[in-house]
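As the structure is a computational prediction, the values presented were derived from the model and not from experiment. Computed over heavy atoms, backbone and side chain alike; hydrogens, waters and symmetry mates excluded.
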Amino acid sequence: MITPKEVLKNFYGYDSFRGQQEAIIQSILKQQDTIVLMPTGGGKSVCYQIPAMVNDGLTLVISPLIALMKDQVDALNGMGIPAAYLNSSQSASEQRFVSEEIRSGKLKLLYVAPERLFGGAFPLTETLKTSRLSLVAIDEAHCVSQWGHDFRPDYLMIGRLRQELPDVPFVALTATADKQTRADIADKLGLRKPKWFISSFDRPNITYRIVPKRNSFEKLLDFLEYHQKNSGIIYCLSRKNVEDMAGRLQAAGLSALPYHAGLDRQTRASHQEKFIKDKVKIMVATIAFGMGIDKSNVRFVVHMNMPQNIEGYYQETGRAGRDGLPSDALLFYSYADVMTLQRMIDTPDNPDYSEVMLAKLEKMKQFCQSNTCRRRYLLGYFDEEEQKDCGNCDRCLSKDNKQDMTVPAQMLLSTIVRLKENYGLGYCVLVLRGSKSAKVQEEHKALTVYGIGKEKSEDFWKKLGQHLQQEGYLAEAGTQFPTLKLTTIAWEKLKGKKKFLLQMGEGGFDHQPTTVAYEEGLFEELKRIRFGLAQKENVPPYVIFSDNTLVEMAQYLPHDHDSFLQISGVGQRKAENYEDHFLPVIKSYAAEHLLKPKKKLSARKPSKSASTGLSKTELVTLQYQRDGLNVFEIAKAREMSLTTIEGHIAKLVKLKKLEAETFLSKDDLLNIRLFYRRQEGSFLKPIKEHFGERYSYFQIKVAIAEEQ
Ligand code: ADP
Ligand code: ZN
């Protein structure tokens with residue numbers, strides 16, 4: 001029998017499991033019903049695909065994402081895993097062919113939409129009676145809950161399937177679920193004493209930004225300029241907005257296409273395909289788009305309008321950076337959008353549902369208006385306590401870049417108070433600047449604040465108003481016309497005569513560059529080769545290799561079969577199929593640029609000879625370590641403190657006597673190192689604070705040992 005680890009290495013080309021993957025797989029293999037909550041990009045698929053390979057028989061995968069099935073199946077077949085799908089997009093003869101394959105027992109994984117379970121021309125439950133099922137996996141499991149944001153009534157039928165298949169374990173997976181939805185998943189699916197695996201929902205590689213929706217198009221162009229070479233999604237509220245935006249971007253010379261439900265099926269499919277295959281960079285879409293795509297190198301997600309709830313926001317922004325490389329989420333916020341959504345949601349036909357959704361909307365508004373770290377707020381929403389600010393959102397990044405705006409802030413705030421908090425920003429500014437406009441009521445012309453702000457432009461005051469709002473000193477209220485009110489913290493500041501320090505330079509999207517050192521020119525060439533292969537095979541490029549895998553090739557410059565296999569994401573099948581396409585290019589690039597292949601850490605055997613730079617006691621630790629003891633056991637055996645042993649290990653890693661990957665997965669290493677390289681100085685504490693409980697000090701020390 002093949003082990004999970006062997007499947008991971010031989011088929012996927014990965015060296016180690018990530019996070020809780022291994023434990024989840026073990027739980028499934030023990031026939032336990034299992035529930036997996038893991039953020040997008042966390043690696044959920046592996047959790048059921050590997051048991052599918054280890055077990056005899058067929059694994060049934062229920063997914064609402066018909067558009068995604070073909071790509072998922074192509075990806076599996078590309079790795080040498082026999083998989084197929086059944087859905088309404090196939091012809092009767094295609095469906096019959098798949099049913100035959102199921103009967104023949106050749107398949108390991110079968111993807112189906114929930115409505116196919118009991119309905120359709122070939123009710124699946126009939127076909128399945130003749131085959132041996134080893135596992136049922138339910139993807140996007142939150143769809144079963146009507147308290148979730150994405151309810152699919154067909155999912156309720158899965159409960160019946162659970163009853164009909166008493167001997168088969170079920171695993172439910174989702175990337176988003178609040179408390180109510182979580183409870184519903186276990187309940188509505190009828191899972192039996194499920195074992196829960198809840199991963200952190202943090203996506204450390206995504207930088208969250210929320211900016212006021214003023215001059216939004218110019219701000220957007222700025223942002224896209226920074227992302228010139230990258231793929232991304234821009235979400236708009238309506239079909240019309242989508243069309244307009246796509247048109248404006250095209251007029252500005254950008255590679256963009258629209259996507260919304262009003263386009264005919266063929267156009268939609270062709271636009272989506274162009275995006276997935278990197279033929280067009282920007283997809284302008286309604287939120288209908290993205291559910292069905294699994295493109296790992298989406299570098300940015302923009303919301304031109306505020307989403308209805310945090311689940312939606314989290315899920316949509318989560319489509320950025322699935323490959324773990326630094327990515328951006330940008331949202332344009334306006335109170336007018338809040339009111340539009342309120343009207344949309346507040347329907348009399350289902351008052352309970354409206355109430356839940358309105359409460360979710362309120363949270364979303366608070367999130368946009370709050371002046372705390374975005375990530376902390378998000379994680380808090382998903383019940384993860386995060387004590388520290390993240391250092392990688394607009395709030396955190398702007399903290400050190402503030403100006404003293406005390407005097408003008410006091411002027412604006414007192415105008416608002418004199419106007420009894422009954423007006424919007426535009427009107428307050430008219431009064432403040434002493435406008436002669438007929439719009440200004442006579443009684444307001446008599447106020448002491450009338451005209452005190454003449455010296456500064458209208459633009460300045462509006463910007464200031466928005467900043468005060470963004471930082472939580474002003475809140476908008478009112479249902480028809482937004483009016484401005486001072487918040488408690490604004491009153492406290494005024495009373496305490498404290499300074500208003502505001503970050504006024506908005507809109508800049510300056511970044512630290514991606515810091516993995518690789519040959520960019522080669523990377524571009526490898527992408528071209530991948531593109532050609534993808535076209536020939538009619539699959540998305542990531543099905544051939546992910547960006548991450550190409551980055552590693554451009555970093556380590558593999559020169560033969562063995563070193564090619566060392567690259568993360570290169571399994572047996574892919575090495576055989578593709579090495580003749582990639583290796584010659586890498587070799588000639590290396591020759592031309594006088595570069596030598598670099599050894600991958602995992603390929604490097606620890607050197608046998610004791611060498612300089614190590615003390616005796618460190619060598620003893622090394623010996624124990626090689627004998628297979630972990631740090632705790634070594635500390636115990638040597639009657640030394642854990643910190644001391646950890647110090648030895650870090651030094652051993654630094655001097656390349658041990659591999660960092662013994663202690664952390666490659667992804668975790670990359671994560672920590674990326675963050676470390678962005679820092680000034682070599683302090684551990686900010687790193688620890690950034691990642692919180694995710695990594696121990698020891699793991700961080702090991703990860704950065706070689707960098708110091
Ligand atoms: P999710 O379904 O949770 O969004 P995926 O299953 O699509 O995530 O995985 C995201 C990416 O991470 C994929 O490219 C996948 O191949 C990769 N991946 C998954 N597990 C590992 C692992 N153990 N090591 C390296 N990469 C992994
Ligand atoms: Zn932050």
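- To the nearest 0.5 Å, the span separating CD1 on I50 from CD1 on I28 amounts to 10.0 Å.
- With a 4.5 Å cut-off on side-chain heavy atoms, N671 and Y695 count as touching.
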Between I276 and D71, does the side chain to side chain contact (heavy atoms under 4.5 Å, CB included) criterion hold? Intermediate values first, please.
CA-CA 10 Å; I276 291 179; D71 292 347; 4.1 Å; yes
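- The nearest pair of heavy atoms linking Y259 to Q272 is OH-OE1, 3.5 Å.
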Pair Q49, Q72 - check side chain to side chain contact (heavy atoms under 4.5 Å, CB included), show working.
CA-CA 11 Å; Q49 289 168 353; Q72 282 172 323; 5.7 Å; no
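- Going from atom CG of L109 over to atom CG of L76 covers 6.0 Å, rounded to the nearest 0.5 Å.
- In the model, R319 has a side-chain atom that pairs as donor or acceptor with a side-chain atom of Y235 under 3.5 Å.
- H271 has its ring centre no less than 6.0 Å from the ring centre of F275.
- By the side chain to side chain contact (heavy atoms under 4.5 Å, CB included) test, K9 pairs with D15, sequence neighbours left out.
- Between D328 and H227 there is a side-chain heavy-atom pair separated by less than 4.5 Å.
- Between the side chain of S255 and the backbone N or O of K281 there is at least one donor-acceptor pair closer than 3.5 Å.
- The shortest distance between side-chain heavy atoms of K279 and F531 falls below 4.5 Å.
- Of the possible polar contacts, one joining the R203 side chain to the T40 backbone as a donor-acceptor pair under 3.5 Å is found.
- For the atom pair Y697 OH and T643 OG1, the distance stands at 12.5 Å (nearest 0.5 Å).
- A heavy-atom distance below 4.5 Å is found between the side chains of I25 and L29.
- Between the side chain of R299 and the main chain of A320, no donor-acceptor pair closer than 3.5 Å is present.
- Residues F223 and V302 form a side-chain contact, since some pair of their non-hydrogen atoms from C-beta on lies under 4.5 Å apart.
- A perpendicular orientation is assigned to the rings of F582 and F545, their planes being inclined by more than 60° (bins at 30° and 60°).
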Begin with the C-alpha distance, continue with both residues' side-chain angles, and end with the deciding distance and a verdict on side chain to side chain contact (heavy atoms under 4.5 Å, CB included) for K274 and L257.
CA-CA 9 Å; K274 288 198 175 116; L257 281 175; 4.0 Å; yes
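- With sequence neighbours left out, D278 forms a side chain to side chain contact (heavy atoms under 4.5 Å, CB included) with S231, K295, N297, R530, P541.
- Inspection of the E384 and S200 side chains reveals an N or O donor paired with an N or O acceptor under 3.5 Å.
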Check step by step if side chain to side chain contact (heavy atoms under 4.5 Å, CB included) holds for V136 and V171.
CA-CA 6 Å; V136 176; V171 54; over 6 Å; no
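- The backbone N or O of G532 sits nowhere less than 3.5 Å from a side-chain atom of Q535 that would complete a donor-acceptor pair.
- By the 6.0 Å contact criterion, NZ on K527 is enclosed, its count of non-hydrogen atoms from other residues, nucleotides or ligands being greater than 12.
- Shown here for M553 and L522, the closest heavy-atom pair between the two residues is O-CD2, 4.3 Å.
- Put simply, the side chain of D56 never gets that close to the backbone of S134: no donor and acceptor are under 3.5 Å apart.
- Under the salt bridge (Lys or Arg N to Asp or Glu O under 4.0 Å) criterion, D389 pairs with R376, K399, not counting sequence neighbours.
- Between H690 and F675, the two ring planes are parallel [angle under 30°; tilted spans 30° to 60°].
- Side chains of Y589 and E525: no donor on one and acceptor on the other come within 3.5 Å.
- Within the 4.5 Å cutoff, no side-chain heavy atoms of H559 are placed close to those of I586.
- Between the side chain of R375 and the backbone N or O of Y208 there is no donor-acceptor pair closer than 3.5 Å.
- The distance from atom CZ of F691 to atom OG of S696, rounded to the nearest 0.5 Å, is 12.5 Å.
- Taking both residues in full, the closest heavy atoms of V54 and V7 are given as CG2-CG2, 4.2 Å, listed atom of the first, atom of the second, then distance.
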Between D547 and Y542, is the side-chain hydrogen bond (donor to acceptor under 3.5 Å, both in side chains) condition met? List the steps.
CA-CA 7 Å; D547 276 18; Y542 70 81; over 6 Å; no
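- No side-chain heavy atom of I24 sits less than 4.5 Å from a side-chain heavy atom of E22.
- Checking K277 against N538 by side-chain atom types alone, a donor-acceptor pair falls below 3.5 Å.
- The shortest heavy-atom contact between C47 and Q21 is SG-CG, 3.9 Å.
- Closest approach of L135 and P51 over heavy atoms only: CD2-CB, 4.1 Å.
- Contacts classified as ring pair (Phe, Tyr, Trp, His ring centres under 6.0 Å) and involving residues 12-65 (residues at least two apart or in different chains) are not found.
- E552 approaches S568 most closely through the heavy-atom pair OE1-N, 3.0 Å.
- Residues passing the side chain to side chain contact (heavy atoms under 4.5 Å, CB included) test with E579 are H561, F564, A575, L583, sequence neighbours excluded.
- Note: L224 CG to I234 CD1 = 5.0 Å, rounded to the nearest 0.5 Å.
- With S63 contributing its side chain and V61 its backbone, the two residues share no donor-acceptor pair below 3.5 Å.
- Of the possible polar contacts, one joining the E633 side chain to the N630 backbone as a donor-acceptor pair under 3.5 Å is found.
- Within the 3.5 Å criterion, the main-chain N or O of G57 finds no donor-acceptor partner in the side chain of N55.
- The closest side-chain donor-acceptor pair between S665 and R18, if any, does not fall under 3.5 angstrom.
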Side chains of residues 31-39: which donor-acceptor pairs under 3.5 Å do they make with residues two or more places apart or in other chains?
from: D33; atom 1: OD1; to: R162; atom 2: NH2; distance (Å): 3.3
from: D33; atom 1: OD1; to: F170; atom 2: N; distance (Å): 2.9
from: D33; atom 1: OD2; to: R162; atom 2: NE; distance (Å): 3.1
from: D33; atom 1: OD2; to: R162; atom 2: NH2; distance (Å): 3.4
from: D33; atom 1: OD2; to: R192; atom 2: N; distance (Å): 2.8
from: T34; atom 1: OG1; to: S27; atom 2: OG; distance (Å): 2.7
from: T34; atom 1: OG1; to: Q32; atom 2: O; distance (Å): 3.1

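- Between atom CD1 of residue I138 and atom SG of residue C143 there is a gap of 11.5 Å, rounded to the nearest 0.5 Å.
- Two residues are said to be in side-chain contact when any heavy atoms from C-beta on lie closer than 4.5 Å; I544 and K536 fail this criterion.
- Side chain of N205 to main chain of L325: a donor-acceptor pair is present (N/O by atom type, distance under 3.5 Å, no hydrogens or angles).
- Here the two rings, on Y226 and F300, have centers that are 6.0 Å apart or farther.
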